[in-house]
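To start, the structure under review is shown below, and the notes come after it.
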Amino acid sequence: MSTGVKDSFGGYRSSLVEVVRSKGIKDLAVLRAIATVPRHLFVPESIRHRAYDDCALPLGSGQTISQPSVQARSLELLQLTGREKVLEIGAGSGYQTALLAELAGTVLAVERLPELAAKAQVSLRSAGVNKVTLVVGDGTLGWAAWAPFDAVVVAAASPSIPDPLVRQLRIGGRLVIPLGNLGSQRLTLGIRTEEGLDTAVIEDVRFVPLLGQHGFHGERPAHD
Ligand code: SAH
């Protein structure tokens with residue numbers, strides 16, 4: 001295991017793996033990543049006792065750490081083999097970033113809020129995750145300097161698929177994004193073709209908004 005963290009939470013992680021598996025996740029690498037990454041290091045101290053529940057939790061700054069089974073579904077859809085270069089938009093707590101580090105070769109992550117990015121850096125370091133480059137910025141613009149990506153995962157809800165993300169995906173590459181309005185969305189898988197993107201709707205989900213040039217404009221989430 002790459003995080004190298006020794007702790008006494010292994011039993012809780014195993015229970016979470018069983019819950020996630022019971023929700024239909026079959027990818028063994030994804031299940032192993034959940035069994036490995038210490039989620040309690042990515043949630044605020046005051047709710048650490050809930051770290052291994054399969055639910056979204058408040059992160060502060062009006063944001064949430066997503067429900068593990070929904071993250072697992074997104075990651076399973078990417079079909080990662082361990083070698084890919086992946087772009088994550090909306091790193092939030094850094095938990096999904098850490099899962100990606102277990103599943104891909106290189107992880108580039110963008111988070112809009114500096115205070116969350118700073119906390120995520122600390123959590124990633126304490127979890128022993130080092131394969132990750134996390135920056136503050138507007139992820140709807142992608143990260144042209146590192147393109148093309150083998151996969152892109154967006155962890156915030158968008159009214160449409162940001163164009164730069166499609167352009168920065170290699171042909172055959174996979175993109176997962178919650179698409180819809182501020183209240184409800186559909187987790188959507190896109191596969192890059194020569195012409196554009198083939199898309200498929202996977203399931204109903206609820207994420208905080210993607211705020212940026214190619215996401216929602218002006219609307220701000222309620223702050224804690
Ligand atoms: N995957 C995260 C959950 C993040 S919640 C986790 O495991 O904790 C969604 C995150 O997207 C929030 O932190 C929010 O600040 C961020 N976000 C919203 N719009 C963004 C944008 N344009 N670029 C980058 N991050 C954005």
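Ligands are counted one by one from 1 in listed order, and the atoms in each one are counted from 1 as well. This structure is a prediction, so every number in the text was calculated from the model and none was measured.
For the pair Ala91 and ligand 1, a heavy-atom separation below 4.0 Å is found. Judged by the shortest distance from any of its heavy atoms, Ser66 lies inside the 4.0 Å radius around the atoms of ligand 1. Ligand 1 is never approached by Ala120 to a heavy-atom distance shorter than 4.0 Å.
Near Ser93, with a cut-off below 4.0 Å to any heavy atom, the atoms of ligand 1 are 6 (C), 7 (O), 8 (O). The atoms of ligand 1 that sit less than 4.0 Å from any heavy atom of Gly137 are 23 (N), 24 (C). For ligand 1, the atoms closer than 4.0 angstrom to any heavy atom of Leu113 are 15 (O). Interface of Leu210 with ligand 1, defined as ligand atoms under 4.0 Å from a residue heavy atom, comprises 18 (C), 19 (N), 20 (C), 21 (C), 22 (N). For ligand 1, the atoms closer than 4.0 angstrom to any heavy atom of Gln96 are 1 (N), 7 (O). Those atoms of ligand 1 that come under 4.0 Å of a heavy atom in Val110, given as number and element, are 24 (C), 25 (N).
For the salt bridge (charged side-chain N to carboxylate O under 4.0 Å, His left out) with Asp150, the lone residue among Arg83, Arg174, Arg192, Arg170 that qualifies is Arg170.
Between Leu108 and Val86 the shortest side-chain heavy-atom distance does not fall below 4.5 Å. Inter-residue side-chain proximity for Arg13 and Ile34 is flagged as unmet; no heavy-atom pair is nearer than 4.5 Å.
Counting protein heavy atoms only, atom 17 (N) of ligand 1 is closest to Arg112 CB, 4.0 Å. Among protein heavy atoms, atom 9 (C) of ligand 1 sits closest to Ala155 O, 3.3 Å. With respect to atom 23 (N) of ligand 1, the closest heavy atom belonging to the protein is Gly139 N, 2.8 Å. At the top of the distance list for atom 5 (S) of ligand 1, counting protein heavy atoms only, stands Thr64 O, 3.0 Å. Closest to atom 14 (C) of ligand 1, if we only count protein heavy atoms, is Gln63 OE1, 3.3 Å. The single protein non-hydrogen atom nearest to atom 13 (O) of ligand 1 is Glu111 OE1, 2.8 Å, given as residue, atom name and distance. When only non-hydrogen protein atoms are considered, atom 18 (C) of ligand 1 lies nearest to Pro209 O, 3.4 Å. Summary of contacts: the protein heavy atom closest to atom 19 (N) of ligand 1 is Leu211 N, 3.0 Å.
Polar contact check, Val208 against ligand 1: no nitrogen or oxygen pair lies under 3.5 Å apart. Annotation: Gln71 places an N or O atom under 3.5 Å from an N or O atom of ligand 1; distance criterion only.
Ser15 contributes a side-chain N or O that, together with a main-chain N or O of Gly11, makes up a donor-acceptor pair within less than 3.5 Å. Panel note: side chain Glu76, backbone Lys26; a donor-acceptor pair is recorded below 3.5 Å. Judged by distance alone, with hydrogens and angles left aside, the side-chain atoms of Gln67 form a donor-acceptor pair with the main-chain N or O of Asp54 at under 3.5 Å. Judged by distance alone, with hydrogens and angles left aside, the side-chain atoms of Thr140 form a donor-acceptor pair with the main-chain N or O of His214 at under 3.5 Å. Between the side chain of Gln168 and the main chain of Leu141, a donor-acceptor pair closer than 3.5 Å is present. Looking at Lys131, its side chain never comes within 3.5 Å of a backbone N or O of Glu102 through a donor-acceptor pair.
Within the 4.0 Å heavy-atom criterion, the part of Leu116 lying near ligand 1 is the side chain and not the backbone.
Interatomic distance, CD1 of Ile65 versus CZ of Arg50, reported as 12.0 Å (0.5 Å rounding).
A salt bridge does not link Asp27 with Arg73: every distance from a Lys NZ or Arg NE/NH1/NH2 to an Asp or Glu carboxylate oxygen is 4.0 Å or more.
By the 6.0 Å contact criterion, CZ on Arg48 is enclosed, its count of non-hydrogen atoms from other residues, nucleotides or ligands being greater than 12.
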